[in-house]
Structure formats: C-alpha cells, structure tokens
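Quick caveat, the model's predicted, so the values are computed rather than measured.
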Amino acid sequence: EKGMIREEIKLFTELVDSEWAVASTPFLYSRIFDDALILKEEALAEGAARVFVEKFPRHPLVRGVIERLGEICYRKGNMQEVVSLLSRLQEKGSRVEQPESYYYLGKARERLREPAGAEKAMALFLDELRKKGLQSPFQSDAFLVLASARLARGDGKGAMTMYQSGYAAAQGEMRDACLFKMADLSRRQGDSDSARSMWEKLVREGTDPLWKKMAAQELSEMEWRDKWKSK
C-alpha cells in the first residue's frame, strides 16, 4: 500500500506544474499533502501545505490544511507560526475540523507567555470536545493550562476547579500531576491538612515515580516544619 501511495505522490508531483492540470491543482496538492501525512513524511507534507495555503487561500479545503500545518509547526516547536496559522480559528463563526487545533493554539500561546490567549483557546478546545461527545489525550493538560491562566490573574478558586476537573479526566502521569498541583495550591491557600492528605494519597496510589518523589519531599518538608514549630 505504501508503495502505491509513493507512486501517487510521484505522479501528482509531476502533474501539478503541467498546464493542462491547472484546474486540478488544488486537488493534486491536497492529495500530495494527505499522502505525505500517511507516510509520515512531514517535510513533504509541510511543503505541499504551504504551497496550497499560499496559492489557494479561499479554497474550501484550505481550513483543514491550515489546521494540520499548524499541528506540524507545533511538533517542530515553532510556536509563533502556530499562533499565526491557527489564531484565525478563534474568529466568530469559525469552525474546526479537529478540536486539537485549539489545543495546539492554546499550548503555543502558553509557551509564548500569553495566558489570556491560552485560556481562551483551551476553553474552546474543551467546549468542542463536549459538544461533539469526544475524548482526547490532551484533555487533562488543557485543564492544567486553564488552571495556570487563572492563577496568573489571581483566581485560586477557579484554578482549583480546573485542577479537579483535570484530575477527574486524567490517567497515569497526568492524574498524578493534577493531584500534586491540587495539593500545592491547597498548601499555598493555607489548607495544610488537605495538602498533606493529597500528597499522602499520591505517594500511596500514584503511578509516576517523579510525582511520587516530589510529593514525598513535600511531606518531609511539612514534617520538618511541624517539628520546628513545636520546639
């Protein structure tokens, strides 16, 4: 099957610049792009996508191409271009083909230190999942991003709600991360008993060695502080 896909790419690449194929050029580029993604040849996919977006900005297929190009840029670590490509998805009346496009936009804005933009994109991501009845492996991380954005504006209560939602949706390492952050926020809010209880639960039931170790260290520090106060 891969051999046939490679042959198709070769044929369409030869045809795309021929004069008689002008009317079919958008289709040819979109197929080259799709085939390259199937073969996991991201450089070829990226090249085809960029040509498509530049030459056919109003074509009905361009939105889906832009979304997947944004995903490629995200995996490459080009966060500024992710924002440039995907920010239009936040315009009124816009629709996405894949809800994860909002996630990539939110993570890009988070890494560019734009918490308000990150919060808006992640809220759209989670809302899109809810409306379509879908689950995503990025769901729990989206709640963590929302929590960070709310902490950045001083909304500790809202942040705790997001951590709790992330914990409920998470598994494995992400579940441990959410529980640790819930405990840490409780401690900072002055609720040491809740923090201790959650860290103890993480040490007892957690699955990720790093988060368990960090929880154990926090418990040791709490014990040391308690002993110091009692002297």
Side-chain angles (χ1 to χ4, degrees), residues 1-91 93-114 117-118 120-122 124-129 131-132 134-142 144-145 172-174:
E1 184 180 351
K2 288 186 177 181
M4 293 178 63
I5 294 174
R6 292 186 188 282
E7 286 298 318
E8 182 174 275
I9 290 176
K10 181 180 178 181
L11 174 61
F12 287 173
T13 301
E14 293 171 353
L15 291 175
V16 77
D17 292 322
S18 61
E19 292 183 8
W20 65 269
V22 171
S24 301
T25 301
F27 167 77
L28 294 174
Y29 273 115
S30 68
R31 284 301 298 265
I32 293 170
F33 175 63
D34 289 340
D35 286 348
L37 288 177
I38 292 171
L39 295 177
K40 302 186 184 311
E41 295 187 5
E42 286 201 346
L44 177 59
E46 181 180 354
R50 291 188 184 282
V51 172
F52 190 100
V53 171
E54 181 181 350
K55 288 190 172 184
F56 314 107
R58 300 187 183 279
H59 194 277
L61 296 176
V62 74
R63 183 170 296 277
V65 174
I66 287 172
E67 287 186 48
R68 287 182 286 178
L69 179 57
E71 180 182 352
I72 290 172
C73 292
Y74 175 79
R75 289 201 294 265
K76 291 176 65 178
N78 191 341
M79 299 302 148
Q80 195 63 61
E81 188 163 16
V82 173
V83 172
S84 178
L85 286 165
L86 300 183
S87 58
R88 69 193 75 183
L89 300 178
Q90 293 181 311
E91 296 172 0
S94 294
R95 295 181 179 179
V96 293
E97 290 190 1
Q98 52 181 17
E100 283 77 13
S101 295
Y102 285 132
Y103 173 80
Y104 300 130
L105 176 59
K107 289 296 286 187
R109 288 198 181 279
E110 180 193 38
R111 293 181 186 180
L112 292 172
R113 301 183 185 279
E114 300 174 8
K120 182 178 179 181
M122 288 306 186
L124 287 168
F125 168 57
L126 293 171
D127 187 55
E128 195 73 12
L129 291 178
K131 287 189 296 186
K132 294 182 177 179
L134 299 174
Q135 297 291 320
S136 169
F138 303 132
Q139 201 164 344
S140 298
D141 188 47
L144 293 183
V145 174
E173 178 186 353
M174 288 303 299

Enter the distance from [X]:[atom1] to [Y]:[atom2] here, rounded to the nearest 0.5 Å.
X	Y	atom1	atom2	value
N78	L85	CG	CG	8.5 Å
E110	L144	CD	CG	9.0 Å
L89	R63	CG	CZ	6.0 Å
Q90	L124	CD	CG	6.0 Å
E8	L28	CD	CG	9.5 Å
E41	E46	CD	CD	13.5 Å

Note: E54-R50 ion pair, threshold 4.0 Å (strictly below)
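Looking at E54 and R50, the cut-off is not met.
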Quick one: do E91 and R88 make a salt bridge, cutoff under 4.0 Å?
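No, E91 and R88 are not salt-bridged.
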Taking atom NZ as the centre, does K40 end up with more than 12 heavy-atom neighbours from other residues, nucleotides or ligands that are less than 6.0 angstrom away?
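Count not over threshold, so no.
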Is the closest side-chain heavy-atom distance between [X] and [Y] below 4.5 Å?
X	Y	value
R6	D35	no
P99	F138	no
F52	L61	yes
V51	F56	no

Distance-only donor-acceptor pairs under 3.5 Å for side chains of residues 67-75, two or more places apart:
residue	atom	partner	partner atom	Å
E67	OE1	E97	N	3.2
E67	OE1	Q98	N	3.1
E67	OE1	S101	OG	2.6
E67	OE2	E97	N	2.7
R68	NH1	D34	OD1	3.0
R68	NH2	D34	OD1	3.2
E71	OE1	Q98	NE2	3.4
E71	OE2	R75	NH1	2.7
E71	OE2	Y104	OH	3.3
Y74	OH	R111	NH2	3.3
R75	NE	E42	OE2	2.8
R75	NH2	E42	OE2	2.1

If you look at every heavy atom in V62 and P57, which pair is closest and at what distance?
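Heavy atoms only, the tightest pair is CG1-O, 3.4 Å.
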If I compare all heavy atoms of S87 with all of R109, which pair ends up nearest, and what's the gap?
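Looks like CB-NH2, 3.5 Å.
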For D127 and Y102, which I'm curious about, is there any donor-acceptor pair between the side chains at under 3.5 Å?
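Y102 and D127 do not have a side-chain donor-acceptor pair below 3.5 Å.
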Mind running side chain to side chain contact (heavy atoms under 4.5 Å, CB included) on Q139 and M174 for me, showing each step along the way?
CA-CA 10 Å; Q139 201 164 344; M174 288 303 299; over 6 Å; no
Determine, stepwise, if the pair E7 / K10 fulfils salt bridge (charged side-chain N to carboxylate O under 4.0 Å, His left out).
CA-CA 5 Å; E7 286 298 318; K10 181 180 178 181; 5.2 Å; no
